[in-house]
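Reviewing the structure listed below.
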Amino acid sequence: DQQVKQNSPSLSVQEGRISILNCDYTNSMFDYFLWYKKYPAEGPTFLISISSIKDKNEDGRFTVFLNKSAKHLSLHIVPSQPGDSAVYFCAADPEVNQGGKLIFGQGTELSVKP
Amino acid sequence: KAGVTQTPRYLIKTRGQQVTLSCSPISGHRSVSWYQQTPGQGLQFLFEYFSETQRNKGNFPGRFSGRQFSNSRSEMNVSTLELGDSALYLCASSDGQPNEKLFFGSGTQLSVL
């Protein structure tokens, strides 16, 4: 049973336009969410996070939106650049009092075309 | 600080063999967690060690085991390898506190023939 879902396996966007990556979760107890980016042959690298007490967090070109009632979050990249082409994973922290464990979605492969 | 180091980078084994993967966390990090990545499945959580104790465990068979040493380095072992164990195995380290990001190594690509 997939508690974190990324329903779009791939997304193609033109350079300079907005990329929107979506993620849904099933457990309303999740209170912290993260986005990771992964290039081939490398480990995932942290991109941005958001706590459930917020509905938006912004870091440069990257903004994450959280809609708790819909159990949905999205990552916006504006403007998109060819170097953003990678697989993006959304993750949720399921434990209130422990750390070190994240539940990941299946990933969305973003391709930004020049 | 040096990042998370995983060895070896690539491994080829045959069915029925066993394998041990190694992970050195970022200096000072006490939590090490392991994930399996296969195409279309995302990253599946295997287990997490904190101060030499297994604190969390995912839904993998007992053939998958791990341990953590006093210097926080961790090893993961898979016994009686199956073809379906072919995957990228990723190790991540952190301070082990709630709501914090994990730092990942580059992974070990395991191929089972």
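All chains are named by letter (A, B, ...) in the order of the sequence lines, taking the proteins before the strands, and each is independently numbered beginning at 1.
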Part of B:Q37 within contact of chain A (heavy atom distance under 4.5 Å): side chain

Enumerate the disulfide (SG to SG under 2.5 Å) contacts for residues 17-75 of chain A, please, sequence neighbours excluded, ordered by first and then second residue. A:C23-A:C90

When B:G42, B:S31, B:G58, B:P39 are compared by non-hydrogen pairs under 4.5 Å with chain A, the top option: B:G42

Ionic contact status for B:E82 with B:R63, cut-off 4.0 Å: yes

Which answer fits A:A91, side chain, backbone, both or neither, if we ask what part of it has an atom under 4.5 Å from a heavy atom of chain B? neither

Under a 3.5 Å threshold, yes or no: a donor from one side chain and an acceptor from the other, between A:T26 and A:Q3? no

With rounding to the nearest 0.5 Å, note down the distance linking OH in A:Y88 to CG in A:L110. 5.0 Å

Below 4.0 angstrom, N of the basic side chain to O of the carboxylate: do A:K101 and A:D93 qualify? no

Under 4.5 Å from a heavy atom of chain B, the part of A:P44 involved: both

A:Y36, part contacting chain B, at a heavy-atom distance under 4.5 Å: side chain

Under 4.5 Å from any heavy atom of chain B, what part of A:L102 do you find: side chain, backbone, both or neither? both

Classify the ring geometry of B:Y35 against A:F104: parallel below 30°, tilted from 30° to 60°, perpendicular beyond 60°. perpendicular

Engaged part of B:L90 at the chain A interface, taking heavy atoms whose separation is under 4.5 Å: side chain

Between A:D55 and A:K68, does any NZ, NE, NH1 or NH2 come within less than 4.0 Å of an OD or OE carboxylate oxygen? no

May I ask you to list the residues in residues 104-113 of chain B that approach chain A closer than 4.5 angstrom, counting heavy atoms only, ordered by number? B:F104, B:G105, B:S106

From A:S49, A:S51, A:S52, residue fulfilling side chain to side chain donor-acceptor pair (under 3.5 Å) relative to A:Y32: A:S49

Considering only heavy atoms, which portion of B:Y49 lies under 4.5 Å from any heavy atom of chain A: side chain, backbone, both, or neither? neither

Under 4.0 Å between a side-chain nitrogen and a carboxylate oxygen: does that hold for B:E75 and B:R67? yes

What one should report as the nearest heavy-atom pair of A:E15 and A:P114 is OE1-CA, 3.3 Å

